[in-house]
*Asks:* 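Below is the structure I would like to discuss, written out as structure tokens.
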Amino acid sequence: MIFLFLLPLILTIFTILFKYIWIPLRIQLHFRQQGIRGPSYRPIFGNTAGIRRRMIAEVESSHAASFKHEGVVERVMPHYYNWSKVYGDPFLYWFGSQVMLAVSDPDMIKEILVSKSGSFGKIRFNPALKALFGEGLVGLEGEKWIVHRRITTQAFNMERVKEWVPEIVDSTLNMMNKWDANIEARRNKSEFEFDVHKEFHQLSADIISRTAFGSNFSEGKQIFELQEQQVALVLQALRNVYVPGLRFIPTKRNKTMWKLDKETTELVTKLIKKNKKTKLNSNTLLATLISPSKKDDMLDLKEIVDECKTFYFAGKETTANLLTWAFLLLGLHQEWQNKAREEVDRVCGQHAFPCSENLADLKIITMILNETLRLYPPAVMMMRQASENVKLAGRLDVPAGTQLFLAMTAVHHDVRIWGEDANVFNPMRFLEPRNHLASFFPFGLGPRVCVGQNLAIVEAKIALAMIVGRYSFVVSPSYVHAPMQSLTLQPQYGAQMIFSRRN
Ligand code: HEM
């Protein structure tokens with residue numbers, strides 16, 4: 001009789017010991033026997049929960065002494081920076097009871113993302129992230145991903161993106177006209193200082209609203225504002241170990257998340273319904289989602305809503321950050337700003353705006369953008385999970401379920417790959433095409449490479465060309481250099497710059 005009462009207790013204890021002690025220790029031994037080291041597993045909490053949080057908080061409370069690029073890896077992935085120095089590459093660590101393999105070897109990264117991509121899936125989203133992306137492309141797998149990817153690839157192919165050039169020019173022009181009005185309104189009418197980070201967020205928001213959704217920033221404004229509030233809550237959630245079921249408990253944070261999610265869904269649904277009536281024949285992403293070219297690819301309303309949430313977020317954040325860092329770097333490196341300006345005057349003509357035919361000729365601008373993406377990659381790192389047992393580099397047995405932390409920022413700053421001047425801004429290194437695919441992968445690689453890449457590059461090229469053509473600029477003395485990972489890589493205290501109009 002007593003045994004019957006004790007049986008469930010014994011089973012529970014056995015399950016806990018098995019799951020949280022036996023399995024992790026076995027996995028740790030499996031990797032150690034292959035020479036892979038790392039901080040030792042600590043039952044249940046692993047070693048990241050507190051340590052990673054503390055490392056990030058510590059880094060974020062400090063800032064670099066000057067605007068140099070060597071401290072970027074340390075600031076944006078401090079746990080990687082510290083542990084890789086002690087344990088080498090790759091190394092093992094634990095997020096709760098989840099095993100993580102940190103990798104920064106380009107050959108291995110290429111295997112994971114390209115040649116063996118079938119053995120690796122996306123990691124299961126922390127449910128907090130669903131608030132931002134819904135069940136959109138970023139987190140989908142299998143047949144559903146294939147259909148959504150087919151539709152969205154069609155919406156963002158280069159020919160389609162080139163048709164959007166006049167919209168991108170118009171958005172940038174509106175922003176510059178607003179700046180000019182600001183200069184005019186000042187007593188000192190020659191220059192003005194502002195935070196370009198905020199401006200580029202608005203610009204990217206306007207461009208994604210116009211090109212992908214056929215609307216504009218004011219229509220999408222509420223959606224962007226709600227998403228910004230969601231980001232702050234998601235970041236808090238991501239820094240803690242995920243506890244299953246916790247998201248259903250009506251805590252203050254959860255209640256706010258639910259409310260924001262409901263409001264975003266309602267706004268996006270309203271936008272879709274409005275556009276369904278009027279803009280079916282347009283060349284926007286939304287029109288393609290609503291009526292894809294293949295009949296079998298039809299999506300239901302929830303799927304369209306989720307894709308819209310994904311593209312509102314992905315389309316704004318990353319490109320805005322690329323532009324922000326590019327301007328900061330050009331503000332610091334005047335010689336490259338001058339080279340870019342000469343190129344724009346030569347290719348587009350002085351006082352003229354770029355058109356789609358100019359894009360391929362803006363070679364210096366392309367090199368500058370690549371060097372910016374190398375030093376300050378907006379996506380910082382990528383994650384994968386082995387869906388089956390797999391061998392990497394012909395020697396390393398990785399068991400199914402292992403998560404992989406692909407340390408993009410570290411690869412981009414690695415002196416073994418880029419030479420002793422790896423932390424120096426030098427766009428010349430992109431004069432010739434790179435010969436190793438995975439030494440530079442700001443947009444990812446393989447089948448899941450960024451679907452919005454064409455838009456991001458065209459948008460950044462045009463905005464950069466137009467602004468460099470009209471203004472000269474320097475970094476303000478009030479700028480504090482503090483790159484910070486906040487889902488994407490951002491300047492923690494903004495990007496204050498001083499602009500003056502060219503004659
Ligand atoms: C500088 C700008 C951008 C950067 C650096 C960037 C970076 C990335 C990276 C690294 C990935 C791969 C993630 C992974 O495989 O785990 C990705 C995927 C994705 N990006 Fe971008 N992105 C940028 C701009 C954009 C834009 C403008 C859009 C939309 C308009 C967009 C939409 C997406 C989507 C939907 C995916 C998921 C693709 C899939 O899983 O099939 N991105 N991006």
Side-chain angles (χ1 to χ4, degrees), residues 109-110 112-114 117 120-125 129 132-142 144-157 160-161 164 168 200-201 203-213 220 284-286 288-289 306-326 366 369-385 403-409 411-412 438 440-464 485 487-490:
I109 290 176
K110 193 169 140 207
I112 295 162
L113 295 178
V114 187
S117 63
F120 297 95
K122 298 289 282 253
I123 59 164
R124 206 152 46 95
F125 264 2
L129 273 171
L132 284 176
F133 298 120
E135 311 241 343
L137 196 63
V138 176
L140 290 181
E141 293 278 9
K144 223 172 167 183
W145 173 77
I146 293 175
V147 173
H148 286 231
R149 178 81 196 196
R150 189 160 54 218
I151 302 173
T152 48
T153 301
Q154 186 197 339
F156 286 96
N157 74 40
R160 178 73 69 87
V161 170
W164 294 337
I168 300 173
F200 291 141
H201 268 257
L203 175 68
S204 271
D206 192 43
I207 291 173
I208 191 72
S209 300
R210 291 171 76 154
T211 56
F213 299 103
T284 60
L285 164 74
L286 187 51
T288 317
L289 288 172
D306 284 350
E307 284 308 351
C308 291
K309 284 185 187 172
T310 297
F311 282 89
Y312 262 114
F313 181 76
K316 183 187 91 147
E317 278 292 308
T318 43
T319 319
N321 291 332
L322 165 60
L323 277 169
T324 303
W325 291 114
T366 308
L369 288 173
N370 279 338
E371 183 66 342
T372 307
L373 286 165
R374 182 182 74 84
L375 287 170
Y376 297 90
V380 179
M381 52 86 187
M382 289 167 61
M383 300 286 292
R384 285 295 185 269
Q385 178 152 15
Q403 291 194 355
L404 295 103
F405 176 96
L406 311 182
M408 181 196 291
T409 313
V411 178
H412 286 190
F440 176 65
F441 58 112
F443 293 101
L445 282 178
R448 302 211 65 143
V449 69
C450 176
V451 78
Q453 179 174 359
N454 291 337
L455 174 62
I457 290 294
V458 169
E459 175 178 337
K461 273 190 184 182
I462 289 182
L464 189 49
Q485 188 197 355
L487 286 190
T488 51
L489 181 58
Q490 314 200 350

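First listed ligand is number 1; within each ligand, the first listed atom is number 1.
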*Asks:* Ligand 1 and Thr319, any nitrogen or oxygen pair closer than 3.5 angstrom?
*Replies:*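 Such a contact does not occur with ligand 1.
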
*Asks:* How does Arg384 reach ligand 1, by side chain, by backbone, by both or by neither, if only non-hydrogen atoms under 4.0 Å count?
*Replies:*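 The side chain, only.
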
*Asks:* Do we see a donor-acceptor contact under 3.5 Å between the side chains of Glu459 and Ser204?
*Replies:*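 Short answer, yes.
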
*Asks:* Under 3.5 Å, is there a donor-acceptor pair between the side chain of Lys316 and the main chain of Ile208?
*Replies:*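 A pair under 3.5 Å: no.
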
*Asks:* For ligand 1, which part of Met383 has a heavy atom less than 4.0 Å away: the side chain, the backbone, both, or neither?
*Replies:*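 It is neither; nothing of Met383 touches ligand 1.
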
*Asks:* Can Lys309 and Glu135 be counted as an ion pair, charged N to O under 4.0 angstrom?
*Replies:*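 No salt bridge links Lys309 with Glu135.
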
*Asks:* How far apart are the closest heavy atoms of His412 and Phe441, and which atoms are they?
*Replies:*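 Smallest interatomic distance, heavy atoms only, reads NE2-N, 3.1 Å.
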
*Asks:* Which N, O or S atoms belonging to the protein are less than 2.8 Å from atom 21 (Fe) of ligand 1?
*Replies:*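 Checking every protein N, O and S atom gives Cys450 SG.
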
*Asks:* Does some side-chain heavy atom of Ile151 sit less than 4.5 Å from a side-chain heavy atom of Leu289?
*Replies:*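 Heavy-atom side-chain distance check passes, below 4.5 Å.
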
*Asks:* Can you tell me how far CG of Leu323 sits from OG1 of Thr318, rounded to the nearest 0.5 angstrom?
*Replies:*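 The CG atom of Leu323 is 10.0 Å from OG1 of Thr318, to the nearest 0.5 Å.
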
*Asks:* Taking atom types as modelled, find out whether Glu317 and Gln490 have a side-chain donor-acceptor pair closer than 3.5 angstrom.
*Replies:*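 A donor-acceptor contact under 3.5 Å links the two side chains.
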
*Asks:* Compare all side-chain heavy atoms of Trp325 with those of Leu489 and state whether any distance is below 4.5 angstrom.
*Replies:*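 SC-SC contact between Trp325 and Leu489 confirmed.
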
*Asks:* Under a 4.0 angstrom heavy-atom cut-off, which atoms of ligand 1 come close to Phe156?
*Replies:*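 Here the atoms of ligand 1 in question are 30 (C).
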
*Asks:* Can a donor-acceptor pair be found between the side chains of Thr288 and Arg160 at a distance below 3.5 Å?
*Replies:*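 Short answer, yes.
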
*Asks:* Just jot down the ligand 1 atoms closer than 4.0 angstrom to any heavy atom of Met382, in number order.
*Replies:*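 Atoms satisfying the 4.0 Å criterion: 14 (C), 15 (O), 16 (O).
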
*Asks:* Side chains of Arg149 and Leu137: does their closest heavy-atom pair fall under 4.5 Å?
*Replies:*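 Heavy-atom side-chain distance check passes, below 4.5 Å.
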
*Asks:* Which of the atoms of ligand 1 are close to Arg448, meaning less than 4.0 Å from one of its heavy atoms?
*Replies:*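 Per the distance check, 12 (C), 15 (O), 39 (C), 40 (O), 41 (O).
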
*Asks:* Please could you name the atoms of ligand 1 that Phe311 approaches to less than 4.0 Å, counting only its heavy atoms?
*Replies:*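 So the answer, numbered in order with elements, is 29 (C), 30 (C), 35 (C).
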
*Asks:* Please enumerate all residues that pass ring pair (Phe, Tyr, Trp, His ring centres under 6.0 Å) together with Phe156, with sequence neighbours excluded.
*Replies:*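 Phe156 satisfies ring pair (Phe, Tyr, Trp, His ring centres under 6.0 Å) with Trp164, Phe311 only.
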
*Asks:* With a cut-off of 4.0 Å, which atoms of ligand 1 are near a heavy atom of Pro442?
*Replies:*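 Answer for ligand 1: 5 (C), 7 (C), 10 (C).
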
*Asks:* List ligand 1 atoms under 4.0 Å from Trp145, heavy atoms only on the residue side.
*Replies:*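 Once the distances to Trp145 are compared, the set is 39 (C), 40 (O), 41 (O).
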
*Asks:* For ligand 1, is there an N or O atom under 3.5 Å from any N or O atom of Arg149?
*Replies:*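 Yes; at least one N/O pair falls below 3.5 Å.
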
*Asks:* Around atom 37 (C) of ligand 1, find the nearest protein heavy atom and jot down its residue, atom name and distance.
*Replies:*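 Ranked first by proximity to atom 37 (C) of ligand 1 is Val138 CG2, 3.8 Å.
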
*Asks:* Could you state the interatomic distance from NE2 (His201) to CG (Leu203), rounded to the nearest 0.5 Å?
*Replies:*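 Here the rounded value is 11.0 Å.
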
*Asks:* Heavy atom to atom 13 (C) of ligand 1, shortest distance: which of Lys122, Glu317, Glu141 holds it?
*Replies:*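 The option holding the nearest heavy atom is Lys122.
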
*Asks:* Once you restrict to heavy atoms under 4.0 Å, what part of Ile208 touches ligand 1? Side chain, backbone, both or neither.
*Replies:*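 The side chain, only.
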
